[in-house]
Amino acid sequence: MTSHATEVDLEGLLREALHATGTGARWAVEADEMWCRVAPVAGTRRAQGWKLHVSATAASAPTVLTKALGVLLRERSGFKFARSLEQVSALNSRATPRGSSGKFITVYPRSDAEAAALAQELHAATAGLAGPRILSDQPYAVRSLVHYRYGSFVGRRRLSDDGLLVWFIEDPDGNPVEDRRTGQYSPPAWVECPFPAAVPVAPRGGDATSRPVVLGGRFAVREAIRQTNKGGVYRGSDVRTGAGVVIKEARPHVEGDASGGDVRDWLRAEARTLEKLKGTGLAPEAVALFEHGGHLFLAQDEVPGVTLRTWVAEHFRDAGGERYRADALAQVARLVDLVAAAHALGLVLRDFTPGNVMVRPDGELRLIDLELAVLEDEAALPTRVGTPGFSAPERLADAPVRPTADYYSLGATVCFVLAGKVPNLLPEEPAGRAAEERLAAWLTACTGPLRLPDGVVDMILGLMRDDPAERWDPGRAREALGTAGPTARGRVVGSAPCAGAGPVRGGEAQDGPVHEAVVAGLVNHLVDSMTPEDDRRLWPVSTLAGESDPCTVQQGAAGVLAVLTRYFELTGDPRLPGLLATAGHWIADRTDLRSPRPGLHFGGRGTAWALYDAGRAVDDRRLVDHALALALAPQQVTPHHDITHGTAGSGLAALHLWQRTGDARFAELAVDAADRLTAAVTREPAGVGWAVPGEADSPEGGKRYLGFAHGTAGIGCFLLAAADLSRHPGHKDLAVEIGEDLLAGAVRTGEAAQWPAQAGDVPTAPYWCHGAAGIGTFLVRLWQATGDDRFGDLARRSTHAVTERASRAALTQCHGLAGNGDFLLDVADATGESVYQDMAEDLAGLLLAERAHRQEQVVFPNEYGDVSTSWSDGSAGILAFLLRARRTSPRHWMVEQQG
C-alpha cells in the first residue's frame, strides 16, 4: 500500500461531508476500533430487514465513501463504514471469512421501499469503481459494488441447542430463526425481494449439483476441494482430453493493494512458475489460464495423492510408532531433495508448507500452490503473506526474497512430519528466550515418545536458526540425515534419543521449580485478567469456534472459577477469597433461575457445581444458596443425552451436589436422569446409543457418538456412578453394555487402541472429546467397578494411543495434552503403577515447553493460536492438569464411585 493511500482519513471524509452538506446536526457519529457508525438523531432503527452493503478496495475506498456519503447524508437511514484503510484491507483479506468479507459500508434502510431507492442511487454513484463481490449477498446489478441481503439490524443473539450464541431474526409468527452469515446468498423463504432481478440468483442446495459447471467452456467441475475468500480450488476434468485437472480461482480485488494488484496477480505468477518448471517433475503442468465470469482461473494437471499435511495426519492415526518413525524419516529425505532441486533451478518458494506439497501414491513429492514462488533473478516485491509457523519470521516482515527463508520453512516442515506439528511459540514480553532456544526445549521434550535420531534434531534446529545467515542449507541437511541413517530411498533407521537432550524422560516436567513457577504464572494470568466491570465476559476467551454463555464451564467463567477454587483449597493463596467471591457473584447475577439449560459443560448445573464449591471454599452462604437454587431449578427440555449438553451431564452434576450436601433432592435428580437415559437408549447393529433427533435444531442431529463429551463413553461413566446410588442393576448393566460395544469397536494398532468418533468411521485423534483419552476415562472406571480385565487392558492400550501421538496434540483439555494427561493420571491412580504417572509427566513436559512468559504471567496458545482463559481450550484447563500432576486431588467434573 502506498504512503498516499495510508494518509487518507476516512473519518475525515465524513466530517468534511457533514460540514459541506450542513447536515451535522441530523447525525450522531461514534466509532470503535473497527467501525464508524452514523445514525440519525431522530428516529429508530428497525430490528431486521433488507440491508445494503457496498464494497471497495483499499485504493477505491476514499472515492467510494465520498460518493456514498453524497447519497446517504441526504436520507435518514443509518449506516456504518470501516474506519481506516487498514480495516478495508482486512475485510478484503484472503483469510477473512466468506460470510463477512468485502463489507466496507453497511446501510440500514428504514423501509423496503427506501432500500430499493438507496440501492439504485448508490449503484449509480459508485458505478465503475473497484470492489470485490460480497459472497453473502446478492449484487444489485452486474459488476455493481452495491449488494443486499435480509438480516438483523440490531445485535440480537440467543443460545442455540448446542449452547452457542447465534444471531437471529424473527419469522412472521415471531419465532426466532438463525441469521446465518455464510458465503452464499440465502434469504428467508417468507420475505419478498424489493430489488429488480438484474442478476440471476444462484440455485440453492442440490439444484446446483444436478447440472455440471463448465468453466471456460472446457473444464467440467466435479467437486470443490476448498473454498476461501480468495476463491475456490476445484477438482474436475478437461472435456477435450478427459484428463483430470485441478482448477484454482482468484476473485477480483481480494488482497487488493493501493496500486490495484490483487490475488489474480498471484495466480498469473503461479502460471508463469509452472511454465518454467515444465518437464522437471517438481510440480504439476499448467494447462490453461483463463477468465470466466470476471474471475481468473488456472487449470493444471491433477497430481494424484494427498497433501503432506493429510499424509501426516493419516499416518499418525493409522501407523504404530515404529512404522511411522521409519516412514517419516524417509519422507524427510525426500523433502530435503525437493527443496534442493527447486533451488538448483533458481526458484525461491516463499511458502513451503505441508499444505503445499503433494504425496503421490508411490511416495514421491510434488510442489503445489506456487503462487508466491519467484526466481532469484526476478524482480519480486517482499510480501508479508505467508503461513505462520512455517514462514521465516523475516518473511512475514517484508524481508527481501532469499533462499534462506526456504531453509527455515524446510526445517518447520521436517519438524511437522516427524512430530506432527510445529510448536506455537507465542511472543514473550519482554522478549526473553530466543525462539531457537525454545524450539530446542520443545524438541527435547519430544524425544521420549518420538525417539528422534541425533542428526535429525540437529538438522531441524540448524535449518530454523533465528539468524538467516546461520541457517543450514539443504546440502548440510542431507549430510545430517546421512549420519542419522535414512536416505531418500527410506532405509529404516535406529531409534536412539537425541544426544545431549537429557534422559528420554525428564526435562522440565521433572523440574519441580519450573513446574511450580509455571503454575504460579498461570494463576497470575487468571487473577490479573479478570474484569468484573465488564458486563459481557468475566475472563477473556477465544470465540473463533463460536461464542457461548459467559457463565458456563466450557467457555465461560464457571470453568475458571472452579480451577481457582481448587488452587485456593490446595494453597490457601490469600489473594483468592475476595476474587472467588467477586467472580461467583458476577456469575450468579447473570444466571437464570427460571429455566436453566441442561448439561454439565454448557448447562446450568455445571455452573451451579462451580458456584457451590466456591461458596463453600470462601464461606459465602449467599453464593451457596444461589448455587443450590440453580441446580434445583426445572431445566429446559433438550434433545441431547450427553455429558456436555444433556441429561448425563445434568445427572453427573446432581450426583456431585448430592455427595457434597447429602440433600435427597439431588439424589432423586441423579436417579431420574439415569432412568431417563435407560428408557431412551436405542439398540442397533453397531451397538447401543443415544442419537440426537434428526429434526433437532443442531448440526449433531442424527449422530451417534462414542466419545466422552458427546457420546456413549460419557453417558456410560455417569450411569456407572449413578448405579452406586440407585442400586438399580439396569443402570450398571447398561454401562457394561456400552463397554462391550467399545471393546468390539476398538481399532488396535501395535500396542495402542483407538476409536472413531462414530461407529464405522476411521479412528479420530485420541482426545477427551471424541477419542481414546475420553473413552479410556470410562473404561478404567468400568474395570474398577466390574473387575473385568478386558476393560482394564483396553484402558491401558488407550494410554499408548495418547502417548504415541502426544507431540502432535494441542495443549488443552478438550482436544489436547491437558485432558490426555488427566486420563493418564486416572490410570495411574487406578492401577498404582508409576509408569502411567511417568507418561503424564512426559505430557506435562511437552506442554510446559510451549509456555510464554509475559511479565509475571505465563500463557499458552490454544488450538487457534490465541490466548484464552477457558476450561475447554485455555489456561484454566491447563492449570487443572498441572495442579493435579503435582498435588493429589480429584479430577475436575468427575464423580468417583463410592462402592
Run the salt-bridge test on [X] and [Y] with the 4.0 Å N-O cut-off and return the result as yes or no.
X    : Y    : answer
D826 : R891 : yes
D318 : R323 : no
R566 : D613 : no

Using 0.5 Å steps for rounding, measure from the [atom1] atom of [X] to the [atom2] atom of [Y].
X    : Y    : atom1 : atom2 : result
F778 : I775 : CZ    : CD1   : 10.0 Å
R887 : Y567 : CZ    : OH    : 6.0 Å
T682 : R704 : OG1   : CZ    : 4.0 Å
D822 : L817 : CG    : CG    : 11.5 Å
T712 : E737 : OG1   : CD    : 10.5 Å

Please examine the side chains of [Y] and [X], heavy atoms only from C-beta on, and report whether any two atoms are closer than 4.5 Å.
X    : Y    : value
H731 : D675 : yes
E841 : Y836 : no
F718 : T647 : no
L561 : T565 : yes
Q754 : E804 : no

Show the numbers, then the answer: is there a side chain to side chain contact (heavy atoms under 4.5 Å, CB included) between L824 and T803? CA-CA 9 Å; L824 294 174; T803 55; 4.2 Å; yes
Which is it for H601 and W768 under the ring-ring contact (aromatic ring centres under 6.0 Å, His included) test, yes or no, and what are the steps along the way? CA-CA 13 Å; H601 295 80; W768 170 85; 5.2 Å; yes
Stepwise salt bridge (Lys or Arg N to Asp or Glu O under 4.0 Å) check, E740 with R790: CA-CA 9 Å; E740 295 287 353; R790 295 177 303 152; 2.5 Å; yes
